[in-house]
Structure formats: structure tokens, C-alpha cells
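One structure is given below, encoded as C-alpha cells.
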Protein chains: 2
Amino acid sequence: MPTLGFHKHDHASCISSTLERAEAHCVAHNLKFTPVRKRTLEILLAEHRALGAYDLLAMLSEEGLGTAPPVAYRALDFLTGAGFAHKIEGLNAYIACAHLGEDHAPAFLVCTRCKTVAEADTAADKGRLGQAAAATGFQIEKTVIEAMGICPACVEDAPCA
Amino acid sequence: MPTLGFHKHDHASCISSTLERAEAHCVAHNLKFTPVRKRTLEILLAEHRALGAYDLLAMLSEEGLGTAPPVAYRALDFLTGAGFAHKIEGLNAYIACAHLGEDHAPAFLVCTRCKTVAEADTAADKGRLGQAAAATGFQIEKTVIEAMGICPACVEDAPCA
DNA sequence: CCCCAAATTGATATGTTATAACATTCAATC
DNA sequence: GATTGAATGTTATAACATATCAATTTGGGG
Ligand SMILES: [Zn+2]
Ligand SMILES: [Zn+2]
Ligand SMILES: [Zn+2]
Ligand SMILES: [Zn+2]
């Protein structure tokens with residue numbers, strides 16, 4: 001499903017199954033899935049939208065989980081490090097991974113209007129950049145592949161655009 | 001030349017010819033290539049490295065071209081709008097376009113150590129993202145394609161990494 | 001030539017995103 | 001029950017970007 005996020009799906013189970021896989025991953029790798037980290041992932045999972053660190057912080061703070069920026073950034077560091085979340089560089093915002101556990105090089109379709117994000121697994125996409133890289137001895141550590149645009153729902157809302 | 005920036009080349013003419021093309025473009029499109037804008041492009045062209053807006057501002061300010069952040073951001077807005085420069089989202093930094101006038105969808109190889117950037121013209125890269133987009137009715141307005149890693153020069157300097 | 005409108009610049013303040021630094025708590029290990 | 005490393009709490013600040021409004025320039029009509 002390359003475009004989860006733009007289609008209807010069983011979102012409750014989408015959340016719960018991802019959380020389960022995250023828990024399992026933490027057990028397997030001796031990572032501590034602490035309350036702040038878990039809650040942060042839950043919040044991200046609740047939407048297929050990118051949220052800013054300070055948006056997250058506001059929600060965490062309402063729940064008494066911390067008020068200072070490092071709270072949010074530490075949780076996001078953990079989640080992105082573990083592969084549970086990704087940063088959308090084009091928005092300076094964060095989103096839960098839609099392919100948790102699949103060891104992937106993600107690519108994103110990002111709606112600049114509603115911030116909905118679809119995560120496509122295009123590991124093969126590395127190919128073209130990879131060719132240029134290999135030709136010069138450049139060692140790729142991470143790829144940022146994002147298409148910014150207007151999602152189907154927003155196109156319908158304002159087709160004139 | 002997909003990897004300009006990692007190879008030796010006639011940099012003086014690389015700068016001057018690009019400036020000429022920029023001037024011509026401005027004349028043709030009735031854009032004002034004011035001193036600040038021109039000098040900002042010159043500074044960016046002098047390196048095949050990404051520079052932060054405040055790095056640029058510091059240099060402009062030394063030359064009496066303005067001291068407040070909007071000076072740099074206005075110049076960068078103009079240059080990116082005209083296609084003379086690109087923003088590297090993964091670094092929050094800016095670089096002169098290496099394919100000025102070619103109407104391209106750029107992709108970058110970004111060295112996270114020395115900030116050298118090679119601009120590859122991979123318009124075809126849109127293809128794969130484009131497929132996923134077309135399949136769902138997503139309208140791409142802009143693509144962000146960046147490979148972060150270590151450039152050949154930096155690899156040699158610290159091969160152990 | 002003078003006036004107007006639009007674009008550009010100057011200047012101040014503020015908003016937004018992210019990290020440094022250091023003290024404290026906590027839980028596992030020895 | 002001391003040691004130790006990870007996680008948190010807290011304060012402050014760094015780094016990136018924009019809003020706003022006044023002043024100036026510039027290029028056409030009148
Ligand atoms: Zn993912
Ligand atoms: Zn949308
Ligand atoms: Zn370019
Ligand atoms: Zn390098």
C-alpha cells in the first residue's frame with residue numbers, strides 16, 4: 001500500500017498493531033519504551049499527518065508528561081533512531097512510520113495544505129541517486145525523498161487551484 | 001556532469017558564466033538583479049557548498065549590504081524563485097544552482113561533514129514518486145531529493161569512519 | 001516635470017525550530 | 001547498598017525564519 005494516509009483503512013487496528021510491533025522491537029533490542037516515548041508515538045500514529053515538535057510538546061504537556069522542548073526532541077530522537085518515526089525535512093515536522101519493522105528507505109507524498117503524509121516504500125529509488133553517488137565515491141548514509149504537493153482530498157476541496 | 005562540486009573544474013569561468021546567464025535571464029524576464037541579490041549569488045557561486053542564511057548575512061554585512069535577517073532571506077527568496085539557487089532542506093542551507101536555465105528538478109548529494117553539495121539533474125527521478133502520486137491523484141508541485149552522506153574527499157581524510 | 005504606484009530596502013521586533021549544559025532521578029548490576 | 005549508565009527535569013540559548021511598517025527608489029502616465 002504505497003499511499004496509506006490517502007485511503008480509508010482500519011485506523012484503530014493500524015494504530016494498535018503498530019504499537020505492538022514497536023513494543024516487540026524494543027523488547028528484542030533492549031530499548032526502553034518509556035511513557036513519554038510511547039505516548040509520543042501514539043499521538044503521531046493517531047494521525048497520518050506531520051506534527052511539529054512544539055505541537056507534540058503541547059499535547060504531552062497537557063497530559064503532564066513534560067513542558068520543556070527537550071522532552072519532545074528526546075522522544076522524537078528515540079523514535080526516529082528506532083525507526084518508529086520519520087522527520088519530514090520539507091516541513092520540519094514528524095510522522096509515525098507506516099512500514100515499521102520493514103527496514104526501508106522511505107519516500108513521502110506530503111500535502112502542503114493539510115499536512116497529510118503518505119509514506120511510500122521506494123527502496124529502489126536509491127538507485128538513481130545511488131548511481132551518481134557510486135560514480136564518485138560518495139557514501140550515502142540517508143536519503144531524503146519528499147514530494148510536496150496537494151493531496152486528492154484537498155484538490156477536490158479547491159479544484160480551481 | 002552529475003557531480004559538479006566533487007571534481008576539479010575551471011571554477012572562475014564556472015562562476016562568471018553562471019552570473020552571465022543569470023543576468024541574461026533577469027533581462028529577459030524583467031527581474032531586477034540588484035546589488036544585494038547579485039552579490040548573494042556570487043557568494044554562493046564561490047563555493048560548491050551550502051551556506052546558511054546567517055552565514056550569508058554575515059558576509060553581506062561585512063560589505064555593508066545589510067545587517068538584518070530579512071536582507072539575506074529576501075535575497076534568497078529572489079534567487080530561489082528565479083531558479084538561481086536551491087535550498088537544501090536537510091541542512092537548512094542554500095546553494096547556487098549548477099544547472100542554471102535548464103528547467104530541472106534537482107537532486108543533491110550532500111556531504112554532511114564539509115557541506116559540499118553536488119547537484120545532479122535527475123528529472124527522471126520524479127518518475128517513481130510520480131507513479132505513486134498519479135495512482136492517487138496527488139499533484140506534485142516540488143520534489144525534495146537529497147542524499148546525505150560523506151563525499152570522496154572526506155572519506156579519504158577519515159577512512160576509518 | 002510631477003505625481004503615482006509598485007518594488008525594493010531599512011529597521012525593529014517577534015515567531016519558530018532545535019540544542020547545550022548541568023542537576024536529578026531511576027533502575028540494573030556488582 | 002555502592003556504582004554506573006540511561007532517562008528526565010530545568011534553564012538558558014542557539015539557529016532558522018517571518019511579520020510589520022516606514023523610507024526610498026524606480027519607472028511610467030498625466
Ligand atoms: Zn517508515
Ligand atoms: Zn491535503
Ligand atoms: Zn539547479
Ligand atoms: Zn565532505
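- Note: CG (B:L76) to P (D:dA17) measures 9 Å, nearest angstrom.
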Restricting to nitrogen or oxygen on both sides, can you table the protein-nucleotides 6-8 of chain C pairs closer than 3.5 Å?
unit_1, atom_1, unit_2, atom_2, d
C:dT8, OP1, B:R37, NH1, 3.2
C:dT8, O5', B:R37, NH2, 3.4

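- Applying the salt bridge (Lys or Arg N to Asp or Glu O under 4.0 Å) rule to A:R21 yields no partners; only residues at least two apart in sequence or on another chain are considered.
- By the salt bridge (Lys or Arg N to Asp or Glu O under 4.0 Å) test, B:E47 pairs with B:R49, sequence neighbours left out.
- Residue pairs meeting the side-chain hydrogen bond (donor to acceptor under 3.5 Å, both in side chains) criterion with at least one member in residues 51-73 of chain B, sequence neighbours excluded: B:R39-B:E63.
- Between B:C26 and B:F84 the shortest side-chain heavy-atom distance falls below 4.5 Å.
- Side-chain contact between A:F78 and A:K32 is absent, with no heavy-atom pair separated by less than 4.5 Å.
- Taking a 4.5 Å side-chain heavy-atom cut-off between Ile, Leu, Val, Met, Phe, Trp and Tyr, the cluster of A:V27 contains only that residue.
- When each of A:P69 and B:V36 is assigned the nucleotide of DNA chain C bearing its nearest heavy atom, the one mapping closer to the 5' terminus is B:V36.
- In the hydrophobic cluster analysis, where Ile, Leu, Val, Met, Phe, Trp and Tyr join through side-chain heavy atoms closer than 4.5 angstrom, A:L19 is grouped together with A:L76.
- When rounded to the nearest whole Å, the span between CG of A:D77 and P of C:dA20 equals 10 Å.
- Residues satisfying the ring pair (Phe, Tyr, Trp, His ring centres under 6.0 Å) criterion with A:Y94, sequence neighbours excluded, are absent altogether.
- To the nearest angstrom, C1' of C:dT17 lies 12 Å from OH of B:Y54.
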Report, one pair per line, the protein and nucleotides 19-24 of chain D atoms (nitrogen or oxygen only) whose separation is under 3.5 Å.
none

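- Within a heavy-atom distance below 4.0 Å of DNA chain D, the residues of residues 81-97 of chain B found are B:K87, B:N92, B:Y94.
- Atom CG of A:N30 and atom P of D:dG5 are 16 Å apart (whole Å).
- Residue-nucleotide stacking is not present for A:Y73 and C:dT19, judged by a side-chain ring centre under 5.5 Å from the six-membered base ring centre and planes under 30° apart.
- The side chain to side chain contact (heavy atoms under 4.5 Å, CB included) search around A:E20 returns none, not counting sequence neighbours.
- At its two ends the helix from C:dC1-D:dG30 to C:dC30-D:dG1 runs along axes set 10° apart, each axis drawn from five pairs and the angle rounded to 10°.
- Without hydrogens or angle criteria, A:H48 side chain to A:A98 main chain gives no donor-acceptor distance under 3.5 Å.
- B:L51 has its CG atom 13 Å from the P atom of D:dA17, to the nearest Å.
- Legend: side-chain hydrogen bond (donor to acceptor under 3.5 Å, both in side chains) pairs involving residues 76-87 of chain B, not counting sequence neighbours, sorted by first then second residue: B:H86-B:H104, B:H86-B:E119.
- Distance B:L56 CG to D:dC16 P: 11 Å, rounded to the nearest Å.
- Every residue was checked against the salt bridge (Lys or Arg N to Asp or Glu O under 4.0 Å) condition with B:E102, not counting sequence neighbours, and none meets it.
- Ionic pairing of A:K142 and A:E89 is present here: one or more N-O contacts between side-chain nitrogen and carboxylate oxygen are shorter than 4.0 angstrom.
- Heavy-atom neighbours of A:D10 CG from other residues, nucleotides or ligands within 6.0 Å: above the threshold of 12.
- When the P atom of D:dT18 is taken as reference, atom CG of B:L57 falls 14 Å away, rounded to whole Å.
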